[in-house]
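FYI, side chains are in, hydrogens and waters are out, and symmetry mates aren't considered; it's all heavy atoms of this structure.
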Amino acid sequence: VKHNDESIYYTLDFAAEQSSLRKKKAANPSASLIIRDDNLMLLHQKKLLLQELKIQGRIKLQGKKEEQEQLLSILSDFLNR
């Protein structure tokens, strides 16, 4: 996340029984997702589809394929609520 030209990093941990979201000082992700705020809002408002953004290259994923798919699954579940 960028805020006032400062990078802020978060980590999602699903390894423990209770999943958690924590702030970190440095980036060292096993997978990352990059999306512009306006595209994220359009996804949330259901004006765009996740697959559509992926095909158009407006959402970027990095990391191992398995972690990328897990991250997309989490985002998809969140958007479908």
Side-chain angles (χ1 to χ4, degrees):
V1 175
K2 282 206 177 236
H3 179 65
N4 295 333
D5 293 328
E6 178 186 355
S7 292
I8 303 169
Y9 304 100
Y10 293 92
T11 184
L12 281 169
D13 185 3
F14 294 101
E17 188 175 315
Q18 176 98 15
S19 26
S20 64
L21 174 67
R22 294 191 180 119
K23 197 180 227 185
K24 291 180 67 174
K25 293 187 187 257
N28 189 15
S30 55
S32 64
L33 178 136
I34 302 167
I35 186 170
R36 288 182 27 181
D37 291 343
D38 56 339
N39 288 331
L40 186 58
M41 283 302 297
L42 291 171
L43 267 176
H44 180 60
Q45 295 167 351
K46 304 207 184 305
K47 293 182 179 176
L48 287 175
L49 299 172
L50 187 57
Q51 215 43 35
E52 182 181 6
L53 289 179
K54 223 175 129 180
I55 291 167
Q56 294 172 352
R58 293 196 276 168
I59 188 169
K60 297 193 179 16
L61 296 158
Q62 298 173 337
K64 294 180 182 175
K65 190 69 171 170
E66 183 178 309
E67 278 91 9
Q68 287 180 22
E69 293 302 322
Q70 187 175 16
L71 199 51
L72 275 178
S73 175
I74 292 166
L75 180 60
S76 179
D77 287 348
F78 172 76
L79 292 169
N80 290 327
R81 287 186 177 182

Is it true that atom CD of Glu66 has more than 12 heavy atoms of other residues, nucleotides or ligands lying nearer than 6.0 Å? no
Qualifying residue for side-chain contact (heavy atoms from CB on, under 4.5 Å) with Ile59, from Leu40, Ile34, Leu48, Leu50: Leu50
With the 4.5 Å side-chain cut-off for hydrophobic clustering, are Met41 and Phe78 part of the same group? no
Output the distance between atom CZ (Arg58) and atom CG (Leu43), rounded to the nearest 0.5 Å. 9.0 Å
Smallest heavy-atom separation, Ala31 atom then Gln68 atom, equals CB-N, 4.0 Å
Interatomic spacing from CD1 in Ile74 to CD in Gln70 - rounded to 0.5 Å: 5.0 Å
Under the 3.5 angstrom rule, does the side chain of Glu52 hit a backbone N or O of Leu49 as a donor-acceptor pair? yes
Main-chain N/O of Ile35 paired to Asn39 side chain as donor or acceptor, under 3.5 Å: no
Pair Ser32, Gln62: side-chain N/O donor-acceptor within cut-off below 3.5 Å: yes
Chi angles and distances behind the side-chain contact (heavy atoms from CB on, under 4.5 Å) call for Leu61, Glu69: CA-CA 9 Å; Leu61 296 158; Glu69 293 302 322; 5.9 Å; no
Let me confirm one number: the NZ-CG distance from Lys60 to Leu53, rounded to the nearest 0.5 Å. 10.5 Å
Under 3.5 Å: donor-acceptor pair, side chain of Lys46, backbone of Leu79: yes
Asp38 atom CG, over 12 foreign heavy atoms within 6.0 Å: yes
Passes side-chain contact (heavy atoms from CB on, under 4.5 Å), Ser76 versus Leu72? Steps please. CA-CA 6 Å; Ser76 179; Leu72 275 178; over 6 Å; no
